[in-house]
Amino acid sequence: MQTDRSKFKILVVDDDASTAHVIGRGVRPGTCEIIACRDMALAEVAMDITDFDMVLVAPGSTGVDGVEALAVAEFV
């Protein structure tokens, strides 16, 4: 099966499944592929096998908050 690279790929990492749904409602149908992961371990595997154009991470899903979260975050 061949994937359509014309679609913008978004990874949403949040333990609340409704977040990906809300993001999906805010984009034009057919323009984005949204992948939802409920924990960081699954998100890391998804990032290893797929190239994403955008990754949105809910701070609470990382297991690290506050200043510690900023220290481990990678800014591109």
Quiz item: By side chain to side chain contact (heavy atoms under 4.5 Å, CB included), which residues pair with Ala43, not counting sequence neighbours?
Solution: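 Expected list: Leu11, Val13, Cys37.
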Practice problem: Identify, with sequence neighbours excluded, every residue that meets side chain to side chain contact (heavy atoms under 4.5 Å, CB included) alongside Asp39. | Solution: Ala41, Leu42
Considering non-hydrogen atoms only, spot the tightest contact between [X] and [Y] and give its length.
X	Y	value
Val55	Met47	CG2-SD, 4.1 Å
Glu33	Lys7	N-CB, 4.4 Å
Phe8	Met54	CE2-CB, 3.9 Å
Lys9	Asp51	CD-O, 3.4 Å

Self-check item: Non-hydrogen side-chain atoms of Leu56 and Ile23 separated by less than 4.5 Å
Solution: yes
